[in-house]
Every structure is written in structure tokens, then in C-alpha cells.
Amino acid sequence: MSTTRPGPRERLLEAARDLTYREGVHVGVDAILRQADVARRSLYQHFGGKDGLIAEVLRLAADKGRYRAVMDAAGDDPHARILAVFDELERITTDPAFNGCRYTSADMALTNRDHPAHAEIRRYKDGLHALFTHELTHFGHPEPELGATQLLVLVDGVLAHAVTRPDAHPALAARKTAELVLAAAGR
């Protein structure tokens, strides 16, 4: 039984996804090409260059579905659904392979505000905000937009803090703070 080797586009995406998470978005093109085992021409043919490749990696990695799946597994109670996100963050951030949030890392590393990755980062963060807004609206929160912003700040804080102080378990601390955001609904 023979398996078909992925094409150059898929190999470039996989190499860039792996290397940019482990080493950051400033990883060299040569390292990506070497790991993908493709010619430089393939990078330009499929993505127009490294900037396009990085933006595509971020677009494809945008897994808001993970948060929704965690919420759905927690049942119908909006309170439990939101707190389940912080339980999942505890699991994620204590995994030895955890290396921070690829979106926040890329946003901070790419100082050129015209870089196409910034649009993907914004789209991802806006999607999470919309997800939390929806949940808080369903929960009856008096200010769901503000509450969603507060929850997103907590999520971002957990993902950043867990890189520098993984033994502090920031997701557990943030979960308690998320309970305060939920308490504003008076339920």
C-alpha cells in the first residue's frame, strides 16, 4: 500500500505551522524550505512569499471550533460553558509542548502593521469575541460586549502568562476572575 506524499503547498504549510510555533514568525525561509523539502520557487508560486505563507498558516490554524466544542461538551448552562474554556486552557497551558498563543506572538513580532498576518490575527480575535458575546447574551449578561472583552483579556492573559510562569497555573486564577464577569449577570 503506497501513500501519496503531500504536495509542496501542504508541506510548506506544515513546516511553517511547526517552525513558527516553536521558533516564532521570524524563523528563516531557508529553515522552512528545508523542513518542507521544497524549492524556493514553490513558496512564491503558492504564497507569493513568506508573508503570505505566515498569513495562511494563521488563517488555517484559527480553531475557534475548539472553544465551541469545549463549551458544547459542558452542556447547556452558559455559566458552565464559559468556565469550561478556562478548564481547557489549564489543560493546554500545562502541556509540555505549549509555547504560547501563536496569534499574540505573531502580532507582537510583526511590527509592520501592513503585514497580511495582522488581518488574520484580528479576524481570529474578533471571532473569539463574538463567540463570548453570544454566550454572554444567552446567559443574560447586562453588558455582553464588555463581558466578552473581559473574557478575551483573561484568555490572552492566561496564554501569555503561562509561557513565563507555567507553574503558576494562570488558567485557574483566570477562571475565578471569569466567575466575577459572569456574576454581573446576577444569576
Side-chain angles (χ1 to χ4, degrees), residues 17 20-21 24-25 51 54-187:
R17 185 174 27 256
T20 59
Y21 185 68
V25 293
D51 289 357
I54 299 300
E56 184 66 0
V57 163
L58 292 171
R59 186 184 73 76
L60 293 173
D63 188 9
K64 293 179 296 293
R66 176 185 357 184
Y67 288 105
R68 181 167 306 286
V70 165
M71 288 179 181
D72 289 347
D76 293 330
D77 175 33
H79 185 269
R81 291 171 62 83
I82 289 173
L83 294 180
V85 169
F86 293 92
D87 295 337
E88 177 68 3
L89 287 171
E90 173 66 9
R91 189 192 66 71
I92 291 168
T93 58
T94 56
D95 183 312
F98 177 72
N99 198 28
C101 173
R102 75 171 58 245
Y103 297 93
T104 301
S105 295
D107 202 31
M108 293 174 65
L110 299 170
T111 57
N112 176 359
R113 300 320 293 172
D114 294 329
H115 193 290
H118 290 295
E120 297 305 327
I121 294 162
R122 181 60 185 243
R123 191 175 352 270
Y124 176 73
K125 299 284 185 165
D126 286 349
L128 287 179
H129 188 271
L131 178 66
F132 288 137
T133 300
H134 173 80
E135 291 295 323
L136 290 173
T137 300
H138 182 66
F139 187 60
H141 194 282
E143 296 181 272
E145 292 279 334
L146 174 62
T149 297
Q150 292 169 326
L151 291 174
L152 192 53
V153 166
L154 290 174
V155 168
D156 284 344
V158 166
L159 295 170
H161 195 71
V163 172
T164 58
R165 295 193 61 229
D167 294 338
H169 297 276
L172 299 179
R175 188 183 197 279
K176 291 192 178 296
T177 307
E179 289 176 0
L180 297 174
V181 173
L182 297 173
R187 292 172 72 181

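In what follows, every heavy atom counts, from backbone to side chain, and hydrogens, waters and symmetry copies are set aside.
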Looking at side-chain heavy atoms only, is the closest gap between Thr149 and Glu145 below 4.5 Å?
no
Inset, instruction - Kindly indicate whether the side chain of Leu182, heavy atoms from C-beta on, has any atom under 4.5 Å from the side chain of Leu136. - result: yes
Across all chains, not counting sequence neighbours, the side chain to side chain donor-acceptor pair (under 3.5 Å) partners of Thr137 are none
Exercise. Please work out whether the ring planes of His138 and His134 are parallel, tilted or perpendicular, with thresholds of 30° and 60°.
Key: parallel
CG of Leu154 to CG of Leu159, rounded to nearest 0.5 Å, is 11.0 Å
Closest non-hydrogen atoms of Ala55 and Glu120, given as atom of the first, atom of the second and distance, are O-CG, 3.4 Å
dist Asp126:CG -> Leu131:CG (nearest 0.5 Å) comes out at 12.5 Å
Tell me whether His141 contacts the main-chain N or O of Val181 through its side chain, where contact means a donor paired with an acceptor under 3.5 Å. yes
Using atom types as modelled and distance alone, determine if a side-chain donor or acceptor of His79 lies under 3.5 Å from a backbone N or O of Phe139. no
Tightest non-hydrogen contact, residues Ala97 and Tyr21, listed as O-CE2, 3.7 Å
Those residues at least two apart in sequence (or on a different chain) that pass side chain to side chain donor-acceptor pair (under 3.5 Å) with Glu179 are Arg175
Whether Arg102 and Asp107 form a salt bridge (side-chain N of Lys/Arg under 4.0 Å from carboxylate O of Asp/Glu) is what I want to check. no
One should read off an interatomic distance between Met71 CE and Leu83 CG, to the nearest 0.5 angstrom, of 10.0 Å
Query - Salt bridge present between Arg81 and Asp76 (N-O < 4.0 angstrom) - result: no
Open item on the list: Between Tyr103 and Arg122 (side chain of the first, backbone of the second, donor and acceptor by atom type, cut-off under 3.5 Å), is there such a pair?
Closed with: no
Those residues at least two apart in sequence (or on a different chain) that pass side chain to side chain donor-acceptor pair (under 3.5 Å) with Asn99 are none
Between Pro170 and Val158 the two heavy atoms that sit nearest each other are O-CG2, 3.7 Å
Leu151 and Val85, any side-chain heavy atoms less than 4.5 Å apart
no
* Anything under 30° is parallel, anything over 60° is perpendicular, the rest tilted; go ahead and classify Phe132 against Tyr67. => perpendicular
One should read off an interatomic distance between Ile82 CD1 and Glu135 CD, to the nearest 0.5 angstrom, of 5.5 Å
When rounded to the nearest 0.5 Å, the distance separating CG of Leu58 from CZ of Arg17 is 10.5 Å
In short, Ala171 meets Phe86 closest at the heavy-atom pair CB-O, 3.6 Å
Residue set satisfying side chain to side chain contact (heavy atoms under 4.5 Å, CB included) with His169, at least two apart, ordered chain then number -> Glu90, Thr94, Leu172
Across all chains, not counting sequence neighbours, the side chain to side chain donor-acceptor pair (under 3.5 Å) partners of Gln150 are none
For residues 148-171, the salt bridge (Lys or Arg N to Asp or Glu O under 4.0 Å) pairs (sequence neighbours left out) are Lys125-Asp156
